[in-house]
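If you read the sequence from its start, that first residue is 1, and numbering goes on from there. Ligands are counted one by one from 1 in listed order, and the atoms in each one are counted from 1 as well. Computation of the quantities below employed the complete heavy-atom set of this structure, encompassing side-chain atoms and omitting hydrogens, waters and symmetry-equivalent molecules.
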Amino acid sequence: MTRNDGPSRRRFLQTTGALGAAAIAGGAEGVSAEEMQAYGDGSRPAPPEADVETILSNMSVEEKIGQMIQANVSTVDADQVESLFTDYHVGSLLTGSAYPPSRDPVELAKGINGLQEYAIGEGNGVPFVYGLDTVHGNVTVDGSTAFPHHIAMGATRDPDLMETAAKHTGDSAAAVGAHWGFAPTSGIARDPRWGRFYETLSEDPHLAGELGAAAVRGLQDGASEHSGVAASVKHFAAYSQPQNGNDRSPARIPVRDLVENHLVPHHMGIKAEPLTVMINSGSVNGIPAHASSWLLTDVLRDRMGFEGLAVSDWNDFYRMVEMHDYAPDLKTAVKEGVNAGVDMAMLSDMEHVDGFYTALLDLVKAGDVPKSRIDEAAERVLRLKAKLGLFADPYADPTKAPDVVGGARDAAREAVHESLTLLKNEGGALPLADTDHIVLAGPNVDNVRTQCGGWTVGWQGLHEDDAKPWATTIADGMTSHTAGRVTVHETGYTYNRLSDDEWSLSAETREAIVRDAERADRVVLVLGEGPYAEGYGNTDELALPDAQRELVDAVADLDTTVVGVLVAGRPRGTSETLAKLDAFVMAYYPGSAGGAVADVLYGDADPGGRLAFRWPDGVGQVPNYYNQYHPAKDNADALFDFGAGESYTDFSFSNLSVSPSSIANAAKTGTATASVTVTNTGDRTGTALAEAFYTEAYGSVQYPRRKRLGSEKIELAPGRSKRVTVEFPLAALAVVPPVAYRNRRVMLPWEVLVVAFLPVLGHVLATWWLTTAVATYLSVAALALVLVVELDVFTTVRMTDGVAAFVVVVTTMAVAGLWAVVQWLSDRSLGTTLVYVSRPVTPAVDTASLHALMWDFVAATACGVVGAALFVLYFQRRVRADERFAAEVAR
Ligand code: NOJ
């Protein structure tokens, strides 16, 4: 994988300059009013009208393939960039890995406009769509707002807050000229060894789904008017549980687990109608997700009904060859991936762009990738652009950036208050009193880079001397709260594996901290991890690094109360450390508003977070998610359970009721509610979380020991009560039964009528010159079929769709035959019929009528057989999918 080691503003300036873009030398500060006004003055080339069919029909195969390319501009040299549009006709550009070509918001917007002018004027006229990473804010540019990372947002249990944060993110990304944000991450947290644990929203599928859907709504709000961007539910699917905890290593996940857990948040996100989906870089059960037509077509399109664009992750066609050892060469990988359903390839540089483009063009020429597939993919790209309003107005307004970027500061602070999770609080260690003398020490006390984590103006986090989001640190918050009473000790920083992993506690620092701590009321140690992203964040260690444990040991035996605050992306710290702390707060990566941690420590805000994952006591307890099967015992094998987190006040929960109290027909009931009365029994206002769970004692397959159904968070004054109701769909209780999907009844009423009609058609044709009661026949046949279907015969006898189609047709033929005989009998006199029956050797039969009858029956049969064949073909795709699904479940 090629990564550039940082953006080059100079290069971007050259690039945009080379393209004759608006003059931007001098950067944001130097942008003149006239330059700003240049936007919208009508001098720019206009894109074609948004008639997608016409645009598509005017495109060559080469241009359609170009639409399927997303090129990373951060690595493309100025002298090459034109060729992206003139030689490769690329449909999309991206800022890869949070390295934009410029970190100045205005400069970026103007630069993207410049490129757009070139693409439209000198390329094929079709505007490109520009994407960047927005997993915790529009955090690729200077001065932006970094919200807490996803795993902290899971702790808030607050979809509205998530939507507000995402709305700002979308606005901000649009203001810097982008049209597409690569978020939310909808995979579930399963393994804290994995370097992307913090990018997930929760280990609970429904919580991750609720918040992910909120993020989609927020990001896309206003997207067609350039205040908002397309969202990308990622990484589809089952990326988050690599078997050995290492990023992009293979996942082996039983399909029951896939369906009940991993796919759920993706499906919930897709119901919020994201315009795009990004595909999982890893392999699932032996097949790279990018080559899995089961995942990308059967599940994503046919079952989930996704109609938007499926983009690959970074160079993933190449990974099929170089990493997964799955395809022998790039051409095979491209063939498999595009045919499986990948619509757009995200590519790191010119070399990769060229490789993909050439391979796909060859494949189309050789007929190995059908032209119809290229049309479908290119059309999805064009439809995305149309929905984003790019044909109507492809240019950003750079004047907006300064007002928008860096906003939503209250929401950022609220997210810190709502996510901070108080996991231990003995002897009233917290909240701190304003009069307390505090010693504040540890690696993450005063470090913007650390508190923002990875994917923040850089892939592995901030560069030390670089652009930054706006930020207040924990030390800022503490010292501004009680100036003069906080002594800050810098111990050295915790970095990630790209640099020295950990500082060592020198004797000097240790002595200074101990000396001050002995005289203080409280010691607050801010421990944890540095920033990291993807594989660089993998770890086989959940205990804190040695130097940090030494720091805890240094103050643990003093008489002073010790409060631990963890700034980290996962459950770092084991019982050995926890036992030595009087209080312990999980702060995650709080982002820009690190200072708001102090509001909670001093009790100005209640710690509102509840763990969105189960906290194992070291790697030996991994995997350890809360919704496993029995016989794991609650709490006995983890340090903190899912949902753990205290308030500074106490709550009681009483009078639980469920409505309806019993259910006769689950399919017709839809939703149910659980209600409980929450009372603040303490002496201060606080935040309570009423969270509903469900389980079953036995069943046809094991049931998770608990399943979260929903939650409601409320703030209550002391002594106050509130009745809280959580509504949940009964479908949320479902598990995949042992023979799932094999015995589904999938014929729809109109399909039944079509099947019924085919033999009728034959009958009608045959009886054109006969006098049969066609109308009567029609109603009898239709009635029989409706009864067969409504009585659920297919489900009961466990037929696949193809067999069911045959049964329907044969039943209809039987009815047709029967009716023909009845007709014939009724046409003959009773006497003649009796003669025929009693004297078969010399029948007194009207042979013309008998021939007509036979003709009638043969025609009905022929139509029935043709109908059956057509229906088998029609169902074949779904039957195949069902069989594959059943085979997967049976594994
Ligand atoms: C690779 C990451 O897996 C993905 O999450 C990200 O959006 C892209 N690179 C773009 O930076």
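- Considering both main-chain and side-chain atoms, Asp133 comes within under 3.5 Å of ligand 1 through a nitrogen or oxygen pair.
- Using a 30° and 60° split on the angle between ring planes, Tyr357 and His89 fall in the tilted class, from 30° to 60°.
- For a threshold of 3.5 Å applied to N or O pairs, the pair formed by His235 and ligand 1 contains at least one separation below that value.
- Of all the atoms in ligand 1, the ones that sit under 4.0 Å from a non-hydrogen atom of Met278 are 4 (C), 7 (O).
- Looking at ligand 1, you'll find an N or O of Lys234 within less than 3.5 Å of one of its N or O atoms.
- At under 3.5 Å, a nitrogen or oxygen of Arg196, whether backbone or side chain, sits near a nitrogen or oxygen of ligand 1.
- Summarising the local packing, CD of Gln80 is surrounded by more than 12 heavy atoms from other residues, nucleotides or ligands at distances under 6.0 Å.
- Of the N or O atoms in Asp313, one or more lie within a sub-3.5 Å distance of an N or O in ligand 1.
- A donor-acceptor pair is defined here as one N or O able to donate and one able to accept, closer than 3.5 Å; such a pair exists between the side chain of Asn280 and the backbone of Ala237.
- Residue Gln70 places no heavy atom under 4.0 Å from ligand 1.
- Salt bridge Glu322/Arg319: absent, no basic N to carboxylate O contact under 4.0 Å.
- In summary, Glu307 and Arg301 do not engage in a salt bridge, as defined by a charged side-chain N under 4.0 Å from a carboxylate O.
- Residue Glu534 approaches ligand 1 through these ligand atoms, each under 4.0 Å from one of its heavy atoms: 1 (C), 2 (C), 3 (O).
- Salt-bridge annotation for Arg193 and Asp191: present, with a side-chain N of the basic residue lying under 4.0 Å from a carboxylate O of the acidic one.
- Ligand 1 places these atoms under 4.0 Å from at least one heavy atom of Phe182: 7 (O).
- Relative orientation of the His179 and Phe128 rings is tilted, given thresholds of 30° and 60° on the angle between their planes.
- In summary, the atoms of ligand 1 found under 4.0 Å from a heavy atom of Arg248, numbered by their order in the structure, are 1 (C), 2 (C), 3 (O).
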